[in-house]
Structure formats: C-alpha cells, structure tokens
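These notes concern the structure reproduced below.
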Amino acid sequence: MSDVRVRFAPSPTGFFHIGSARTALFNWLYARHTGGTFVLRIEDTDKERNTEEALRVLMDGMKWLGLDWDEGPEVGGDHGPYFQSQRSDIYREYLQKLIDAGRTYEKEGAIFFRLEGERYTEYDDYKKCEVEKVRTTPQIIDDQVRGRVERAEEKDFVLYRSNGEPVFHFVNVVDDISMGITHVIRGEDHLSNTSKHCELFRALGAEPPVFAHIPLILKSTGPGKMSKRDEGALIEDYQKNRFLPAAVRNYLCLLGWSPKDDSEVLPIDEIIERFDFDGINSGNARFDEKKMAHINAEYIRQLPLETLAWMVSPILVEEGLVDDSTDEDYLQDVLRVSQEKMTALNALPALIGFFFSNDYAIDEKTQGRIFKKGDPLARIRELIPLIEAEESFTADSLDASIESLAESQGFKKFEYFPVARFAVSGAGGGPDLLPMISTLGRHRVLERFQNFLEIHATSTS
RNA sequence: GUCCCGUUCGUCUAGUCAGGCCUAGGACACCGGGUUUUCAUCCCGGCAACAGGGGUUCGAAUCCCCUACGGGACGCCA
C-alpha cells in the first residue's frame, strides 16, 4: 500500500457526465496503479439539486464502470465524513486558522480571503467596473501533465458567503488537506483555479498536493466541451443502451491517455499497470461515438459464449423472445453462430429475434430486391425437398447439397442464398446463412419456407 | 477584455522531454476489392496530417520567438 491518496469529488446533479466519469476513472487508475487510496467525496453543498436520487445515479454509474472507492459513502474510512454537508465544523475550524493569521476580512456580510501584496485599483473590462487588485507573487504549479505553470491570483475572493455557507474553493482545499490528499487529478478547467487553491494551501500552512490537470472532452461536433445535452454525454445512456461497461471504460481511458504502443483494446489490469502521468495528453480530446461503438462491438465479440448468454438472456426475456421453456442448447447455438455479427446488445432482438419467434420484421428493401429478378418462389420450392431430405443438416452438408441442387438446375448456388435467407429471417443480412439454417433446424426452416410460399403465391400471381 | 492551457490525417493518437532511425506509424470513419452476388464480422488495398512565419543547427514534427486558431478560467456555482 503506497501513501498516494487521490479523490473524486463530484457534486451530485442527477446525472453522471462522461467528463466527470473520466476524471473519476483517471483518479481510480492512478490509485490502483500506485497501490494508493481512492477517496469518493460528495460535494453536496448545493441543497437544491442534491437529492438521494442524484447520489444514486452517481454511485450506480461508478459501480457500473467498476470504479470502486476505498473511502467514502457506503464504505466509510478514517477521514470522514465524506459528505461536505456534514463537515461544517471542520470548515469553521480551518476558517479560524485564517482569521487568526489575519488573512480574512468581512465585507457585505461575506468573509473574504486577503491576498498579500501591493494593492491598486483598476478598471475591470470583464466586470465592467473598478476593482481592487493585488500584486501577488505568482503561484508555481508543477503540473504532472503540463509541466511548470505560473499564475498570479490578483483579486481577494470569498471564503464564506453572506448566508454563512463556505464556497467551493475553500471547502475543496480544506477537504484535501484534512483528508490527506496527495495528488489532485482533475479537469483542465480547474487549472486557473489552482493559483487560488495554492494560496489557500499555503495560508493554511499546508504544502499543496501534486496536481495533474487532464484534458477536457470536447463535443464530437461543434465548439466547446461536452455538455450534458450532447449525444453520449451521460453514463446513464450507456447503461440504458446496454453498452458493456468495460468497453465504455476502455474507450474513456483512450480519451486523453495513450498506452503509446498502438494497442487500444486492453484488459483493465494491463491499463492499470501501464497508466501513468506521462501517458496523459495535454490537448483536449474530441468525443467520437463511432469509435466508442466500435470498441463496444469488439468487446461483445470477445465475450466467452457463456458470459454472452448470461448477459443477453435478460434482454431476450424482456423482448418476449425467450422464456423458461427455451432450450439452453438452442440459445447457445444461436449465440455461437451470431456472435461474430453482433455490434451492439440493444440491436440484438433485431439481429437474432427470428431464431425464436415467427413474428419477425420483414425488410421491405430486401423483399423488393429478391423479387426483382429470378423466381424466388421456384427456388424455395426446389429447396423444400432438399431440406426435408438433408440428413446431417450441418453447414457443410447443406452447402454440398445446395451446390449439387444448383448444378442440377443449371444455377450457381448463390441463386438460392439470398432467397433462403429472406424466407427464413425476413432480412437481407444476419449470421452466415448455412450455420444459421443448420441452427434453426429442419422444422423451423420448412415451416418458414411454406409460409413464404403461401404469402407470396397469392400476392404475386 | 485579462490570465492560463493547448495545436501531428475528418477524429483518437505514436513520434516531441533526451534534434538525425519520420519518404511521419497505428486505430476509428470514409472509399475500393475480396470473403457464400446476404451482412453489422473478417481479410487486403486506398485516401489523408507535422497550423503559419521567423530563428538556432550540418540537420527540426521535435528546441526558441511571434502570429493565427482552438479550449478554459475570470461568481457570495461546483
């Protein structure tokens, strides 16, 4: 166990933003990499939007991504409480230190932090008024991602609001000190706050922690950082859309961090082993939903069959495709022949629904194509006796049988494939045809061929 | 407006810290071909980038400066 202590300090807002998730992830990775401690601290000072439900969303999201915390809500720890709303006494105590040191003053009911240095007044173009500024000595931040950053704070700032509540900058620093945080890994949007925080650390007699400001995640298109309204911005959406958490986590690792050797899909243990500050990029990263989907698809295809079955069953049950009476082996067979064509679990009912139900969608485009040329009805009529007679009913034997049938009719075997596929599944694509027919079994195939003939014999003649 | 950070294919990135190995590599996307004239898989191929300008140097994607562009911060929000 190393003495590294990192924290993720979200404010529960009712959703779990992908940027926050990535910050949590990087902190978690660093803690696991170093054998340190990952603290979850809840910044629930904004009473309006902090609800039990909001906290749930956050913790569920973290657990879903596999980000377990060593100290914090539900698990406790020696540095609690882990909710800011329960730490008022601690904040008062630290405020007293600043008061005793003469670093505070009161104005309009609020308590301000007093910077040290020469004072002057200047027109502020942003605030559109005269403000008092201070020439302070710049704070030097030895950032692990950006290198040396120098920034001078120039205005006194509020520590306690006139309503008696402490502000973010103050509680954040106090919590980091009192919880013994050694490394602060957070978004680059906090970089310019850091001079403020360093002032506070030093005024409180504490050495600032090591900082690492990680790049922001930008919208996939258009300007600015990812906002909660953007497509793919919320972890809840990935949960809902049945993404594999490990895949989402893997993709997030790759946004702003690189293993340096061209590998992308990596088991989490290996990422933990290789994760470090020098692999973190300094430029912001644009979110790419296509790549996210691609990585998700790779994960799905890599799943062992039993795991896949275990994950997929509830989805199929929910869709009414499978129930207790469904044959386990049949389900396994279906998944075995379909897995290589899977790209997203929420698209699964559409991909393999026809294996379980006769009530599947008919793809109009494919139907149009099938009937445009040749004689699909005749092809199916020719196939029926073959299906009835075919003995071993394996993909290979079916292939051979169809091949010789085609030969005897003066066709290429491909003349039969698209028609058979459509007759049996209503689709133009799907698992490889022969394994698919073999899996469906003689009975289902014949049933659907007959059905196909009945429907189209009347409508087309 | 001020301050801070950044800038390699459309996107994520390798290479930059320790200048020559870079006619700049990989992946996603896209395009073409093949894989059972299905397909969402797989294989092969292709397209495509060092933001611009000055230096330093025998030599710069790599070091320095300027400009441009992008991002962030500037709350009694967090």
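In what follows, chains carry the letters A, B, and so on, assigned in the order in which the sequence lines appear, proteins first and then strands, with residues in each chain numbered from 1.
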Relative to the 5' end of RNA chain B, which residue comes earlier, A:A152 or A:H190, by the nucleotide with the nearest heavy atom? A:A152
Under a 3.5 Å cut-off for both distances, is B:C17 Watson-Crick or wobble paired, and to whom? none
Going by the side-chain contact (heavy atoms from CB on, under 4.5 Å) test, name the single residue among A:I214, A:T194, A:V6 that passes it with A:R186. A:T194
For RNA chain B, find the residues of residues 215-233 of chain A with a heavy-atom distance under 4.0 Å and give them by number; none if there aren't any. A:L216, A:P223, A:G224, A:K225
Across all strands, who's sitting opposite B:U37 as a Watson-Crick or G-U wobble pair, both distances under 3.5 Å? none
The Watson-Crick or G-U wobble partner of B:G1, with both key distances under 3.5 Å, is B:C74
Give one of base, sugar-phosphate or nothing for A:L255, where a contact means two heavy atoms less than 4.0 Å apart. sugar-phosphate
At a heavy-atom distance below 4.0 Å, what parts of residues 339-349 of chain A sit against RNA chain B? A:E340, A:K341, A:T343
Option among A:R119, A:K107, A:R114 that satisfies the salt bridge (charged side-chain N to carboxylate O under 4.0 Å, His left out) test with A:D156: A:R119
Does any nucleotide pair with B:G32 by Watson-Crick or G-U wobble geometry, both distances under 3.5 Å, and what is it? B:C44
Heteroatom pairs (N/O) under 3.5 angstrom, protein to nucleotides 74-76 of chain B:
from, atom 1, to, atom 2, distance (Å)
B:C74, O2', A:K155, NZ, 3.4
B:C76, O2, A:S162, N, 2.8
B:C76, O2, A:S162, OG, 2.8
B:C76, N3, A:S162, OG, 3.1
B:C76, N4, A:E108, O, 3.2
B:C76, N4, A:E108, OE1, 3.3

Close N or O pairs between protein and nucleotides 61-68 of chain B (under 3.5 Å):
none

Pick the nucleotide of RNA chain B nearest each of A:S258 and A:S282; which residue has the one closer to the 5' end? A:S282
Side-chain donor-acceptor contacts of residues 339-347 of chain A below 3.5 Å, not counting sequence neighbours, with atom names and distances?
from, atom 1, to, atom 2, distance (Å)
A:Q339, NE2, A:I300, O, 3.0
A:Q339, NE2, A:R301, O, 3.4
A:Q339, NE2, A:L303, O, 2.8
A:K341, NZ, A:D432, OD1, 3.2

State which of B:C5, B:A78, B:C12 makes the closest approach to the side chain of A:R146. B:C5
What's the closest nucleotide to the A:L351 side chain, out of B:U41, B:A40, B:C39? B:A40
pair_partner(B:U7), Watson-Crick or wobble, both distances < 3.5 Å, evaluates to B:A68
Backbone N or O of A:F243 within a donor-acceptor pair of the A:N241 side chain at under 3.5 Å? no
For nucleotides 15-30 of chain B, give me one character per nucleotide, 5' to 3': B if any protein heavy atom sits under 4.0 Å from the base, S if the only such contacts are to the sugar-phosphate, - if neither. S---------BBBSS-
